[in-house]
Amino acid sequence: MSELAIAGLRVVVGGREILRGIDLVVKSGEVHAVMGPNGSGKSTLSHVIAGRPGYEVVAGSVTLDGVDLLALPAWQRAHAGLFLAMQYPTEVPGVSLVEALKEALIAQGRASGDVRELVAAEAKRIGFDERFLTRPLNVDLSGGEKKRNETLQMGVLQPKIAILDELDSGLDVDALKAVSRRVEAATSETGLGVLAITHYTRLLRELRSDVVHVLRGGRIVATGGPELADELERTGYAGYEDSADGPVAPPPADPDPFADPLA
Ligand code: ADP
Ligand code: MG
């Protein structure tokens, strides 16, 4: 049983506090949806958990099975069992999906079998054309193809916790069904815990979520069951208080005197 625990997380980007106190616990087998309008801090949350540089954590903690993720570089977070499906997957000219996954599996100590075969089997599960497997990673792929690529990587790497940032964007209905089925299968086959970030309810019509959180102005303003997504479908985000005008966090108690002011 694994557990991603986010507690009192406050994050500053470009001098502005974007996440203003996030508390969230995702356990093995659970699907949590985080829904929020544009600019509410969804991608910031996913980037901070995964370890993208450029974010200043001013308070709080993020742990995976008790391991302090915030103290680790991104690759070690992945090694600890975290996976991020990016909203805008990075293009990597010169490296194919199979090559990238082979290196990742070697790092996990799981590259004993035929990697190409393993990847091809995953591609089949989500209806992804095999010709993409040997092309440069994400280069010249459509938005939807990139999202299937991310899903395929998740299936091969078998993380403990996956953060899916707008996995639905660019996917047509059939692809949305296929990737949702794959994510759900992982929750039961390998006990994957999921944080599914989206601003549309359409993902949640395909991907059954146990818990739905509403993010506004960098705070979780509502948490409920799947019915919360249905309600959002009807009312939009307008009914949820925008806490952007709420109290601003105090500056960190002990600012780093050696910090680069231009960083
Ligand atoms: P969402 O994914 O919910 O649409 P984001 O997390 O991408 O929102 O962004 C939240 C807010 O943080 C936005 O107002 C955005 O402009 C701001 N922001 C994000 N990244 C940066 C950055 N690198 N520098 C300055 N502001 C940023
Ligand atoms: Mg985003």
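Whatever order the structure lists ligands and atoms in, that order sets their numbers, starting from 1.
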Check your understanding: Do you see a donor-acceptor pair shorter than 3.5 Å between the side chains of S43 and Q87?
Key -> yes
Review point. Under a 4.5 Å cut-off applied to non-hydrogen side-chain atoms, are L101 and L152 in contact?
Key: yes
**Study point:** Top protein contact for atom 6 (O) of ligand 1, by heavy-atom distance
**Key:** T44 OG1, 2.6 Å
Review point. Mind checking whether the Mg ion (ligand 2) has an N, O or S of S43 under 2.8 Å?
Key: yes
Exercise for review: Could you tell me the residue and atom name of the protein heavy atom closest to atom 7 (O) of ligand 1, and the distance to it rounded to 0.1 Å?
Suggested key: S43 CB, 3.6 Å
Check your understanding: Is there a side-chain contact between T201 and D230, using heavy atoms and a 4.5 Å cut-off?
Key -> no
Review point. For ligand 1, which atoms have a heavy atom of P37 less than 4.0 angstrom away?
Key: 3 (O)
Check your understanding: What heavy-atom pair brings L207 and A196 nearest, and what distance separates the two atoms?
Key -> CD2-CB, 3.9 Å
Review point. So do the side chains of E30 and T187 get within less than 4.5 Å of each other, counting heavy atoms only?
Key: no
**Study point:** Shortest protein contact, atom 12 (O) of ligand 1 (heavy atom only)
**Key:** I18 CD1, 3.2 Å
Exercise for review: Please work out which of the three classes, parallel, tilted or perpendicular, describes the rings of H47 and Y55, given edges at 30° and 60°.
Suggested key: tilted
Review point. Any N or O of G41 that comes nearer than 3.5 Å to an N or O of ligand 1?
Key: yes
Revision key, fill the gap. Atom 14 (O) of ligand 1 sits nearest the protein heavy atom R16 NH2, 2.8 Å
Practice item. Examine S40 against ligand 1 and note whether any of their N/O atoms are separated by less than 3.5 Å. Key: yes
**Study point:** Pairwise side-chain contact, D165 with Y88, heavy-atom cut-off 4.5 Å (strictly under)
**Key:** no
**Study point:** Q87 near the Mg ion (ligand 2) via N/O/S, less than 2.8 Å
**Key:** yes
Review point. How close does the nearest protein non-hydrogen atom get to atom 24 (N) of ligand 1, and which residue and atom is it?
Key: V13 CG1, 3.4 Å
Exercise for review: Would you mind checking which non-hydrogen protein atom is closest to atom 4 (O) of ligand 1, with the distance to 0.1 Å?
Suggested key: G39 N, 2.8 Å
Check your understanding: Is G218 in contact with ligand 1, taking contact as a heavy-atom separation below 4.0 Å?
Key -> no
Exercise for review: Quickly, which of I161, L64, I6 forms a side-chain contact (heavy atoms from CB on, under 4.5 Å) with L69? Name it, please.
Suggested key: L64
